[in-house]
Amino acid sequence: MSSFTLPFFPEEASSIAGEVDAMFAVWLAISLFFTALIAALILIFVVRYRRRADDEVGKSEHAGIWLEVTWSVIPLLIMLAMFAWGAKVFFVAHRAPADAVEYWAFGKQWMWKFQHPEGNREINHLHVPLGQAIKLSMTSEDVIHDFAVPAFRIKQDVNPGTYTFTWFRPTRIGTYHLFCDQYCGAEHSKMVGSVIVMDPRDYAAWLAGGAAAGQSPVAAGAQLFSSLACVTCHEMGPGRFARGPSLQGLFGRQVVLEGGRTVLADEAYIRESIVQPLAKIVKGWQPIMPTYQGQVSEEQLAQLIAFIKSLGNAPAMATGAEHPPGTLAPGDSGITGAASAPAPQK
Amino acid sequence: MDTNSAAALDRPSYLTDGYGWKSWLLTRDHKRIAILYLVSITFFFALGGIFAMLIRLELLTPEGDLVQASTYNKLFTMHGVIMVFLFLIPSIPATLGNFFVPLMIGAKDLAFPRINLLSWYIYILGGAFTLWALIHGGVDTGWTFYTPFSTTYSNTYVVSTALGVFILGFSSILTGLNFIVTIHRMRAPGMTWFRLPLFIWAHYATSLIMVLGTPVIAVTLLMVAVERVLHLGLFDPKLGGDPILFQHLFWFYSHPAVYIMVLPGMGVISELIAAFARKRIYGYRFVAFSSMAIAVLGFLVWGHHLFLTGQSVYAATIFSVISMLVAVPSAIKVFNWTATLYEGSISFQTPMLYALGFIGLFTIGGLTGVMLATLGLDLHVHDTYFIIAHFHYVMVGGTIMAYLGGLHYWWPKMTGKLYAGFASKLSALLVFVGFNLTFFPQFILGYLGMPRRYWTYAPEFQVWNVLSTAGASILGVGYLLPLCYLTWSLFKGKQADANPWGAKGLEWQTTSPPPTYNFDEPVVVTEPPYSYVAEQHVVGQQEVESA
Amino acid sequence: MHSSGHVALQHHFDDLDTQREASTFGMWVFLCTEILFFGGLFLLYVIYRQRFHGVFVQASRHLDVKWGGINTAVLICSSLTMALSIWAAQINRRKLVVVFLLVTMAFGATFLGIKAIEYGDKFHHHLVPGANFHYACPPGEECHPEQAQIFFSLYFCLTGLHAMHMVVGLGILSCLLLPAWRGRYNAEWHNPLECSGLYWHFVDIVWIFLFPLLYLIGRHVA
Amino acid sequence: MAEEHAAEHDGHVPSRKPYFMVWAALMIFTGLTVWVAGLNLGPFNDVAALIIAFTKATLVVLIFMHVAHSSRLTKLTVVSGLVWLLIMISLTLGDYVTRGWLDTFAANR
Ligand code: HEA
Ligand code: HEA
Ligand code: CUA
Ligand SMILES: [Cu+2]
C-alpha cells in the first residue's frame, strides 16, 4: 500500500534540486548542533544545579561581555554565510540560462493551462524534454496562484495583470507533482497536475502525435499583430515613416520615456504598453496608441509578447526563431549537476 | 504566612472589593480587566482549538471525506483568524501584562484605566463581528486576506471579518498605548529603567509594535472592505492595481505582529527562569535591549513573506539579510537564559517545566525561521507545511508554553489559590510531547512538498498526517487539563501565600490576591531586579503544588 | 504638591502634573498611530503615483484647486483659533475659551461643507469610482479610465478618512464646550483642551499634505 | 517639562504672538505652494510641494502643538512616527523601483 511508505525527502529531478538540498542539509546540521548544544547545556545545568535546600539561592554573576559577543557574532556569521549561499541560488533560480526555451503557463481557478513553443497546449499536465532548460512565463486570469514542483525545488506565484517567471532543467525522467501553492479558493487543493519529463525523442514523438497541436505563440502573435492593426502604426522594417515606434529589437532594451525616465522593456512593460499605453509614453511619441484592454485575452497577450520578443535585434523581421544566433551559449547558471542539454528540437 | 498578615486580610482584595456583574463589567481595575480578558481569550482559544481538531481530522485521510472543500477553507481561516487576532495577540499582554505591569513597577493602576476597560469592550465588539461572520457561514480567505481573492472572488463574509479584525486592532493599540505611558510615567520611586523586570522591557517593546504597526493593518483591512463593498479600485489588477501592494501592507504589520506574539512570552520566560533558578538573569541589559532590537528590526523584514510573489529579487535580498539580523537578538536571549541556569538553584515547579519547554521549542521554531529567511530554501518550502510547522513551533511551542508557564506562575497571585501539582506537571509533559508529535511531522511533510491550505493531498503524505493528528489529540488533552484543575483550584484550592515561590519582584510583596490599588503602603524600590542574595533570609517556599 | 486634591485628579495618579504629562504623552502616542493609519493610504498613493504618473497628473486636474485652497486656508485658521482657545485658558479667560472653540468648530463645519460641495460635484461628473464611474478624456489626449479610477479611489479614501477625522474632531470639541463654559479649563488645568487641540492640529497637518498631493500635481500642465 | 509648567503657574502669561506669526506663514506657504505647482519644474514640482508641506507641518507641530517647548520624549514620539512611515514607504518603493532590474532571461543580453 502506497500510503504506508515513509518518505523523508522528495525526489531530486532538476538541476537546482541538488544545491537546494545541500543547503538544507547544512542548515539541518547547524540547527541540530545548536539545538543539541542548548538542550545539553540545559539538562546539565538543571541537574547539576538543582535546588537542594529550600532557602538556597543561585549565584548571580555579571555578564561577561566576551561571552555575549561570542554568542552574537558566531550565529551572525553563520547566518550571513547561509544568506549569501541562499541568495546565490535564488538569483540562479530567477535567471533562465541562455539555452532556455520559453513555455507559457496560465493559472485560472482551478486549472493550469500550458502552451509549448511549438504551439501544443495542455491542461494541468506539462510534458517537457529531459535536460532542456525551460523558462516558464506565467500569468493568471483571476486570483493569485502559485506554480510549484517540489521535485524541481522551484516555486513562483502567478499573478493577475502581470508576468512572473521561473525556470528549471529536468534531470530525471518521470512524472512529478505540480501543485498550486497559493491559496486560490474552494478547489485550491484540486489545482494540481503533473510535470512529465520525457526522453527528448519521446517528447518529439509526443509533440508530433496526438497532443493538441496549434500555431506556435510567435506565429499566432504575428497574425494578431496584423489582425489587431498594430502593424498600421508599428510598421516593420527600417527607415519607414510610422506613427508608432519600431518594435524591432525592443525587448530587453532600456526605453527612454517622456520625462526622461528609462525602463527596461520586459514582458510586463510590453503588456502594459498594450493594455495601458498611456502609463508610460516613449520619448518623442504622441500618446495616441489605443488601449487593447479587454480586447485581447491573456493568452493572446502572451502571443503578442512572444512575437515582439522574437523580433530580436535582427534588422529584418525574424520569423519565429526563438533566439538570435550566437546567444545559444551553454547555461551560465553555475549550477552543478545539470545534465548536458540536448539542443531543442524544432 | 507573613505578608498575608491578618491586618492586610481585613480589607478586601481586588476580588472581594465589590460583587455582582456591574462591579466587573464597569470596573477600572487593571486586575479585574485582566480577568475579563482571561475568560474571553480562553473562550476563543477553545473555539480556535476546536477548528484545529476538525482540520486535523479532515487531514487524517488524503481524500476530502469529513467536510467539503469550502468548509475546510473556512475552518483554517477561522482557526487562523481566531488564534492570531482573538487569542495570541491579546493573550499575554492583555491578561498577564494587564495584571502585572502596574504591579511590577509599583503603580496603582495603568495610566488610563477607562481606556483599558474600553479596550476590552472593543475586543468584545471585534470578537462579535468575527463570530457574526462565523455563524452566518464563515470566511474562506485564509487569515492573510490576500487580494484579489478577498476583494473580488470570495463570496463569504469577508467584510464583517475584516471589520472585526479592524476593530480588534484598536483594542490592541489602546493596550499598547496604555503600557507605554504607564511604563514611562507611573514607575514607583526608585524604579529606574534598569531596575525594571525583563517582563516590563518585553511589554514595552511589544507596545511599540502594537502602536506603530497595528494602525497599518487596520487601514489595510478597511481598504479591503471598501474595495469589496464600494468597488473602489485599490488593489484590483483589472484596473492596473497591484495585489502585491496589499501583501506589503499586510505584512508590514503582520511580521512585527509575530513579535507582538512572542516578545511578551520571552518576558515571561525571563521571569520564570530568574524565579526558579533564584538568580539574576545573566546579561540583564543584553536581554532587555534585545527586546528593543527585535521590536525595531522586526519592522524591516516583512518582505520575507513575499519572496516568491513577484517582489523584486533585490528587495528580497535586502529583506533576507535583515531577517537574519533580527535573529541575533533572539539568539542572545536564548543563550542568556541558558547561562542563567548555570550555578542557579533550580527547582522543577510546573512553570519552570513550561519555561524549559519554551526554550527548546522556540529554538527549533526560530532556527527553521532562519531557514525560511534563506532565499534559496524558501524557494522550495514557501507555502508548504514547513511554514505551518515553523510558526506553530514559535507560536504554540513558544508563546503558548510561555503563556501557560506564566499563568501557572502567577495563578496564586491572581486568584489567591494553589493548584494541584501532579496534574499540572502531567499537563506540561503532555503538551510538550503532544506538541512535538503534532508539528514535527509537518516539517517533513513540508520538505516533501505538501502545500498548506490543502483539503486533499497526495496519498504518499498520509503517514505523517496521521502522526500529526494523533499528536494533536494528545495536545488537546494537554490543554484541557489546565482548564480543569485551574478551575477546580478556584473552589477547592489551598489559600496561597503572598510569595509562594520565594520569588523576587514587587508583585510578590503584596498580598495574594492584591488589593484594589495593589499595595497597602507606598512602594519605594531600592535594589535591582532579581536580587537573590544568599545571606538574606529567603521566604520559605510554600508547599505550593500539593493542594 | 499644590495640585493634589484637585477635582480633576484621578486616584491612581499622585498629582496633577503626572496626570497631565501622562495624558499629553498618551495623546502623542495616539497621534503616532494616526500617522501610520493614514500612512497605509499614503503608501498606496506613492506607489500608484510612481506607476501611473501621467494619469495621476491628468486626473488631478479634475479637482478644483480653488475649493481645495480655500479649505486649506479654512483649516489653518481653525488651527489658529484652536491654539488661541488654549491660550485663553492659560490666562484664565473663560469666555474667550468658549468663543475660540466655537469659532474653531465653525471653521471645521465650513471645511466639511465645502468638502460636501466638492463631493457633490464629483458625483455629478461621474467621478465617483464604482459602477457609475465615467471618466471623460480630455480632448486630444489619450486617457485611462481604470487608472484614473484608482486616482479617484485614493482621493475619496484619503479625503473621506480625513473628513471622518474632522467629524470626530467636531464631536470632541463640542464635548469641551460645556466644561469650558463652566470654567473648568484654566491656567492650572486645561489638559482635555490641550489634548483635543493636538488632535485637531494633527488633522490639519494631514490636509496640509493632501492638498498639494491631490489637487496640485496636475497644475503645471493645465 | 515640570519647570516649564511651574513657570506657567507662576503667573507667566503665554504670548499669542507666535500663533499669529505661524498662521501668517502658513497662509503664505499655501499661496506659495499653489504658485509653484503652476510652474513646470519637472520632477522638482513634487520636491517643492513636499518641502513646503513639511515646512508647514513642522511649524504647526512646533508652535501650535507646543512641541518646541516639550520634553525630548514627545519629540522622539513625533519623529518615530515619521521614521516608521518612511520605513514603510521606502522599503516598499524599493521593491517597485527595482522590479524590472533583473533580466530574467540570460538570452536577452
Ligand atoms: C511568534 C511568531 C513568530 C516568530 C517569533 C517568528 C520568528 C521568525 N520567523 Fe516566522 N512566521 C510566523 C511566526 C513567527 N515567526 C508565522 C505566523 C508565519 C507564517 C504566516 C503565514 O504565511 O500564514 C511565519 C513565516 C515566516 C517566513 C515566511 C515563509 C514563507 O511564507 O515562505 C519567514 C521567512 O523568512 C520567517 C522567518 C522567521 C525568522 C527569521 C524568525 C526569527 O525571529 C527567529 C529567530 C530565532 C532563532 C534563530 C532561534 C534562537 C537562536 C539560536 C538558538 C542561536 C543559533 C542560531 C543560528 C546559528 C541561526 N517566518
Ligand atoms: C496562536 C496561533 C495558533 C494556535 C494556538 C494553533 C494551534 C493549532 N493549530 Fe494552527 N494555525 C495558525 C495558528 C495557530 N494554530 C495559523 C495562523 C494558521 C494559518 C491559517 C491560514 O492558513 O490562514 C494555522 C493553520 C493550521 C493548520 C494548517 C491548515 C492548512 O493549511 O490547511 C493546521 C494543520 O494541522 C493547524 C493545526 C493546529 C493544531 C493541531 C493546533 C493545536 O495546538 C490546537 C490544540 C488546542 C485544542 C485542541 C483546544 C484545547 C481544548 C480546550 C481549551 C477545550 C475545548 C473544548 C472542548 C473540545 C470540549 N493549524
Ligand atoms: Cu490556484 Cu491555489
Ligand atoms: Cu515574518
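Proteins get letters first, then strands, A, B, ... in listed order; numbering begins at 1 in each.
Neither the backbone nor the side chain of V149(A) comes within less than 4.5 Å of any heavy atom of chain B. Heavy-atom distances place the side chain of F76(B), and not its backbone, under 4.5 Å from chain A. If you measure heavy-atom distances from K238(B) to chain A, the contacts under 4.5 Å come from the backbone alone. For A87(A), the parts sitting under 4.5 Å from any heavy atom of chain B are the backbone and the side chain alike.
Counting heavy-atom pairs closer than 4.5 Å to chain B, the top residue among G161(A), C180(A), A151(A) is C180(A).
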**Report entry** Evaluation steps, side-chain contact (heavy atoms from CB on, under 4.5 Å), between L379(B) and R153(A)
**Finding:** CA-CA 7 Å; L379(B) 183 64; R153(A) 311 286 190 275; 5.8 Å; no
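Put simply, the side chain of R278(B) never gets that close to the backbone of G58(A): no donor and acceptor are under 3.5 Å apart. K155(A) places a side-chain N or O within donor-acceptor distance of the main-chain N or O of H382(B), the cut-off being under 3.5 Å. Side-chain atoms of N159(A) come within 3.5 Å of backbone atoms of T309(B) as a donor-acceptor pair (strictly under, hydrogens ignored). With Y282(B) contributing its side chain and G64(A) its backbone, the two residues share a donor-acceptor pair below 3.5 Å.
Residues of residues 361-371 of chain B that come within less than 4.5 angstrom of chain A, heavy atom to heavy atom, are T363(B), I364(B), L367(B), V370(B), M371(B) in numerical order.
Relative orientation of the H177(A) and F461(B) rings is tilted, given thresholds of 30° and 60° on the angle between their planes. Between F335(B) and W71(A), the ring-plane angle classifies as parallel under the 30° and 60° cut-offs. Relative orientation of the F24(A) and Y447(B) rings is parallel, given thresholds of 30° and 60° on the angle between their planes.
Centroid-to-centroid, the aromatic rings of Y183(A) and W143(B) stay 6.0 Å apart or farther.
With sequence neighbours left out, R271(A) forms a salt bridge (Lys or Arg N to Asp or Glu O under 4.0 Å) with E298(A).
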